[in-house]
Amino acid sequence: MRLLFLAVLRAHTGNAVTAERVRGHLEAAGHRCILRDVSDLASPVDVADLLEAQHCEAALALHLYRAGRLLQGHGVPFGVIFGGTDVNEDASQEEKKEVMGRVLQEARFAVAFSEPMKDTVLTLWPHTKGKIYVQSQGIETTPNAAFDWNSFLQRAEIQPSANSLRVFLLVCGLRRVKDPLYLLDAFSEWHQEEPNVYMVIVGPEVDPAFTREVRARVVRAHGVRLLGEMPQGDLHAALKRCSALVNSSVSEGMSAAILEEFIRLAKRLLKDPVLGKELAANGKAYVNRLHSCEVERATYQCLIRDLEGAAEE
């Protein structure tokens, strides 16, 4: 089946990564998945022309408002995947909420990344009951075996030392929604107490104005370093070597870190190696159970079969 897949494909964002992964799942099942950035489509008319030119029989949208609204009224069956900001941000604006409700009315199915997200959607749009599926995002890592940790530390202007060195990585594109500065002052104070503790922010410059703000704050901070984008394999290898990964966000659904008590809990983690091993084992088990790419692949392939059946009706 030929499937049009609309998504927000801005570089270095979770939506872009998710869209590419889902496309891979669908093409592995033998479908032709035509992925397009909604930023390149000015109106539903552009989508209608694209559907006709590509002979698409069905469609899929990642992000209910920005992508889903473009699929209404074309006569092709479609499904939607919630992006996070559509539920957490756009739904607070009445006009957008109304549009999203109409999209959900027409959609054959919708995919939420978590049970709480599903509950929020059901509260906002009760008529969606029965068509929302929960599928956590799949996670795969491919660490580069040739990665040099000492070279990474030198690049971050951190002097390699014995086992006492503690590095926390915060991985994100530099944009306000990721809030990479939230822990900066607290980490700076911690580093002055314990000079072996560092926080390294790794990620591309997505928002130029905000990047300048981050750079200015980091220069004045103690024990905080800022690095640019890294190849994915190197980044995954660095994550294996660091003491912990820090995740932060103002509104995105996939950020579940409780940062308000972070330093106290981080100190406890470093002082208790048994706790660290337990958290690592539990985290790995959690990912294997709820973020399996194999399960994610099977879910999307099953849902697309529903669109395939609808297209044949």
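Remember, predicted model here, so these are calculated numbers, not experimental data. Note: hydrogens, waters and symmetry copies are ignored here, and every other heavy atom, side chains too, is used.
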Looking only at heavy atoms, what is the nearest atom pair of [X] and [Y], with distance?
| X | Y | result |
| --- | --- | --- |
| Leu239 | Cys242 | O-SG, 3.3 Å |
| Glu27 | Cys33 | OE2-O, 3.2 Å |
| Leu227 | Ala156 | CD2-CA, 3.8 Å |
| Val80 | Leu104 | CG2-CD2, 4.0 Å |
| Asn196 | Tyr198 | O-CD1, 3.8 Å |
| Asp86 | Met100 | O-CE, 3.6 Å |

Should [X] and [Y] count as side-chain neighbours, where that means a heavy-atom distance under 4.5 Å?
| X | Y | answer |
| --- | --- | --- |
| Phe210 | Pro180 | yes |
| Asn144 | Pro231 | no |
| Lys118 | Phe113 | no |
| Met230 | Phe147 | yes |
| Leu3 | Leu307 | yes |
| Ile81 | Tyr300 | yes |

Contacts satisfying salt bridge (Lys or Arg N to Asp or Glu O under 4.0 Å) that involve residues 263-282 (not counting sequence neighbours) are Glu193-Lys267, Glu261-Arg264

Contacts of Glu98 meeting side chain to side chain donor-acceptor pair (under 3.5 Å) (sequence neighbours excluded), chain-then-number -> Arg102

Hits for side chain to side chain donor-acceptor pair (under 3.5 Å) against Asp207, two or more places apart or cross-chain, chain-then-number order -> none

For Tyr133, the ring-ring contact (aromatic ring centres under 6.0 Å, His included) test, sequence neighbours excluded, returns none

What's the separation between atom [atom1] in [X] and atom [atom2] in [Y], rounded to the nearest 0.5 Å?
| X | Y | atom1 | atom2 | result |
| --- | --- | --- | --- | --- |
| Ile304 | His25 | CD1 | NE2 | 11.5 Å |
| Arg225 | Leu153 | CZ | CG | 10.5 Å |
| Arg10 | Ser39 | CZ | OG | 8.5 Å |
| Leu64 | Asp90 | CG | CG | 8.5 Å |
| Ser151 | Gln154 | OG | CD | 5.5 Å |
| Leu169 | Leu235 | CG | CG | 7.5 Å |

Which donor-acceptor pairs under 3.5 Å do side chains of residues 66-77 form with protein atoms, sequence neighbours excluded?
residue: Arg69; atom: NE; partner: Tyr65; partner atom: O; Å: 3.1
residue: His74; atom: NE2; partner: Leu70; partner atom: O; Å: 2.8

Just by distance, with hydrogens left out, do His63 and Thr85 show a side-chain donor and acceptor under 3.5 Å apart? yes

Apply side-chain contact (heavy atoms from CB on, under 4.5 Å) to [X] and list each qualifying residue two or more places apart in sequence or on a separate chain.
| X | value |
| --- | --- |
| His222 | Ser188, His191, Gln192 |
| Asn288 | Lys284 |
| Glu57 | Met1, Arg2, Ala311 |
| Gln105 | His127 |

* To do: Give a yes or no on whether Glu106 atom CD has more than 12 heavy-atom contacts from other residues, nucleotides or ligands under 6.0 Å away.
  => yes

| So, are Arg23 and Glu20 salt-bridged, with charged N and O less than 4.0 Å apart? | yes

Residues joined to Leu269 in its hydrophobic cluster, side chain to side chain under 4.5 Å directly or through other members, sorted by chain and number, are Leu275, Leu279

Are the side chain of [X] and the backbone of [Y] linked by a donor-acceptor contact shorter than 3.5 Å?
| X | Y | value |
| --- | --- | --- |
| Lys97 | Ser92 | no |
| Arg108 | Phe78 | no |
| Ser292 | Arg289 | no |
| Ser136 | His291 | no |
| Gln54 | Ile34 | no |

The salt bridge (Lys or Arg N to Asp or Glu O under 4.0 Å) partners of Arg176 (sequence neighbours excluded) come to Glu213

Sorted by chain and number, sequence neighbours left out, salt bridge (Lys or Arg N to Asp or Glu O under 4.0 Å) with Glu294 holds for Arg297

Determine whether the aromatic ring centres of Trp190 and Phe168 lie less than 6.0 Å apart. yes

